[in-house]
Amino acid sequence: LHQLYMFDGPAALNYILNVTGQPQLNWVGFSLGNNVLVGMLSIYPEYNSKIKFGGAMGPAIYFGKTRSPLLRQWASVSNFFESVAFSWLNGEILPLMLSNYFRQLYMTLCSASIRSYFPQICTSYFDLIDSKDAAQENLAYYSAILSLFPATTSARVVTHWLQLIGNGQFQNFDYGMGGNLYHYGSTSPPAYNLTNVKVPLLILWGENDSFTTEEDVLRASKDLPNVIRNIRVEWKKWNHLDFLYGKDSDILVYDHILRYLTKYNPTVDMVSVV
């Protein structure tokens with residue numbers, strides 16, 4: 001994750017500003033997208049001046065209270081994940097061949113012909129990670145979703161993420177005592193400085209979100225210095241994936257973001273942009 005904060009986030013931001021010729025942009029993120037924003041600004045506080053507004057859906061900053069049993073099990077063996085990936089998979093989680101195989105498998109299971117007889121087969125894949133919200137599920141989207149997910153990623157990214165679930169902090173990668181002494185000059189990794197994050201942030205979270213729970217979101221809201229509003233989505237079963245695929249996401253989530261985008265960009269017609 002640290003590489004995303006150091007390089008990927010700034011590179012994407014600077015590219016957009018250079019292409020558009022604009023001095024600032026708005027950053028609307030979901031889950032890890034907010035993690036990258038906060039991590040980047042904690043390292044480079046000068047980038048606050050380049051961002052007018054941040055819309056944070058299901059902000060994945062603290063993970064210590066994650067309720068997903070699968071993720072908690074993975075977190076307990078994070079070092080094993082990394083050692084296997086570097087020993088056998090060239091440092092990747094789900095190399096391209098494997099990720100393509102899983103995508104084809106789940107796209108078949110979620111096809112209309114099979115889904116009509118066994119709808120639970122398709123949704124159970126997501127239920128392993130997140131809480132259930134049957135009323136917001138749109139099964140017609142699942143084939144499109146699974147054409148892109150799961151995808152290949154770096155083992156170090158996944159290991160850092162699992163560490164944050166295990167230790168409940170927002171801190172640098174833990175290399176172990178000896179590695180930490182070498183990289184940081186201390187036996188434990190330093191925390192990222194959230195007080196450097198000055199961008200005005202709108203935070204939206206779901207009561208039924210097993211990935212970014214109410215406790216972790218409220219903790220982040222307290223630690224971040226410029227949260228302009230903290231909104232619980234007005235749907236009791238709202239979960240993590242509903243931010244992207246929920247049937248009522250436009251009314252329950254996106255309308256809030258559009259109102260604040262309009263507030264911080266008064267000369268832009270947000271309706272025509274969307």
Side-chain angles (χ1 to χ4, degrees), residues 1-6 8 29-39 42 56-95 98-99 102 124-133 149-180 183-184 186-192 194 205-224 239-244:
L1 291 174
H2 190 76
Q3 302 284 321
L4 298 179
Y5 312 155
M6 288 283 292
D8 297 67
F30 164 67
S31 192
L32 188 63
N34 305 304
N35 179 284
V36 173
L37 171 65
V38 171
S42 71
M57 299 179 288
I61 298 166
Y62 292 120
F63 303 93
K65 301 297 183 181
T66 294
R67 293 193 300 269
S68 169
L70 181 63
L71 296 181
R72 299 213 71 87
Q73 285 294 322
W74 287 353
S76 67
V77 291
S78 59
N79 291 334
F80 172 76
F81 266 94
E82 185 176 38
S83 62
V84 169
F86 277 100
S87 298
W88 300 99
L89 302 173
N90 198 32
E92 294 178 290
I93 297 294
L94 282 180
L98 281 177
S99 61
F102 281 114
S124 62
Y125 174 60
F126 296 98
D127 295 342
L128 290 172
I129 299 175
D130 204 1
S131 304
K132 187 73 173 176
D133 185 9
F149 179 85
T152 301
T153 189
S154 163
R156 184 56 55 86
V157 169
V158 175
T159 303
H160 194 179
W161 168 52
L162 294 175
Q163 286 180 359
L164 299 183
I165 293 175
N167 60 43
Q169 304 302 315
F170 186 52
Q171 63 183 30
N172 281 257
F173 189 87
D174 191 345
Y175 293 94
M177 186 177 295
N180 291 336
H183 287 279
Y184 312 123
S186 61
T187 56
S188 58
Y192 293 104
L194 297 188
W205 55 277
E207 190 173 343
N208 192 39
D209 191 332
S210 288
F211 187 69
T212 53
T213 63
E214 176 180 357
E215 297 94 326
D216 283 335
V217 172
L218 295 181
R219 179 185 172 193
S221 298
K222 181 180 178 181
D223 291 347
L224 291 163
N239 65 25
H240 201 59
L241 293 177
D242 283 343
F243 284 104
L244 294 181

Residues that Glu207 engages under salt bridge (Lys or Arg N to Asp or Glu O under 4.0 Å), provided they are two or more places apart: Arg232, Lys236

Smallest separation among heavy atoms of Leu224 and Val38, with atom names: CD2-CG1, 4.2 Å

For the student: nearest non-hydrogen atoms of Arg156 and Phe173, plus distance: CD-CE1, 3.0 Å

Contacts of type side chain to side chain contact (heavy atoms under 4.5 Å, CB included), residue Asn34, not counting sequence neighbours: Ala56, Pro59

Heavy-atom donor-acceptor pair, Asp216 side chain to Thr212 backbone, under 3.5 Å: no

Residues in side chain to side chain donor-acceptor pair (under 3.5 Å) contact with Glu215, at least two apart in sequence or another chain: Thr213

Heavy-atom pair of closest approach, residues Asn172 and His160: C-NE2, 3.5 Å

Residue among Leu194, Leu218, Ile61 satisfying side chain to side chain contact (heavy atoms under 4.5 Å, CB included) with Asp223: Leu194

Partner set under ring-ring contact (aromatic ring centres under 6.0 Å, His included) for Phe211, not counting sequence neighbours: Phe63, Trp161, His240

Shortest non-hydrogen separation from Ala75 to Gly166 and the atoms involved: CB-N, 4.2 Å

Listed partners of Asp174 passing side chain to side chain donor-acceptor pair (under 3.5 Å), at least two apart: Asn180

Side chain to side chain contact (heavy atoms under 4.5 Å, CB included) partners for Met6, two or more places apart: His2, Ile43, Tyr44

Partner set under side chain to side chain donor-acceptor pair (under 3.5 Å) for Asn35, not counting sequence neighbours: Tyr5

Smallest separation among heavy atoms of Gly168 and Arg219, with atom names: O-NH1, 2.6 Å

Stepwise side-chain contact (heavy atoms from CB on, under 4.5 Å) check, Gln171 with Leu164: CA-CA 7 Å; Gln171 63 183 30; Leu164 299 183; 4.2 Å; yes

Residue list, side chain to side chain donor-acceptor pair (under 3.5 Å) with Ser42, at least two apart or on another chain: none

Reported CD1-to-CG distance for the pair Ile165 and Leu71, which is rounded to 0.5 angstrom: 5.0 Å

Which residues share a side chain to side chain contact (heavy atoms under 4.5 Å, CB included) with Asp8, sequence neighbours left out: Leu4

Which residues share a side chain to side chain contact (heavy atoms under 4.5 Å, CB included) with Leu244, sequence neighbours left out: Phe30

From Lys132 atom NZ to Ser210 atom OG, the distance as rounded to the nearest 0.5 Å: 12.5 Å

Short side-chain to backbone donor-acceptor contact, Asn208 and Ser131, under 3.5 Å: no

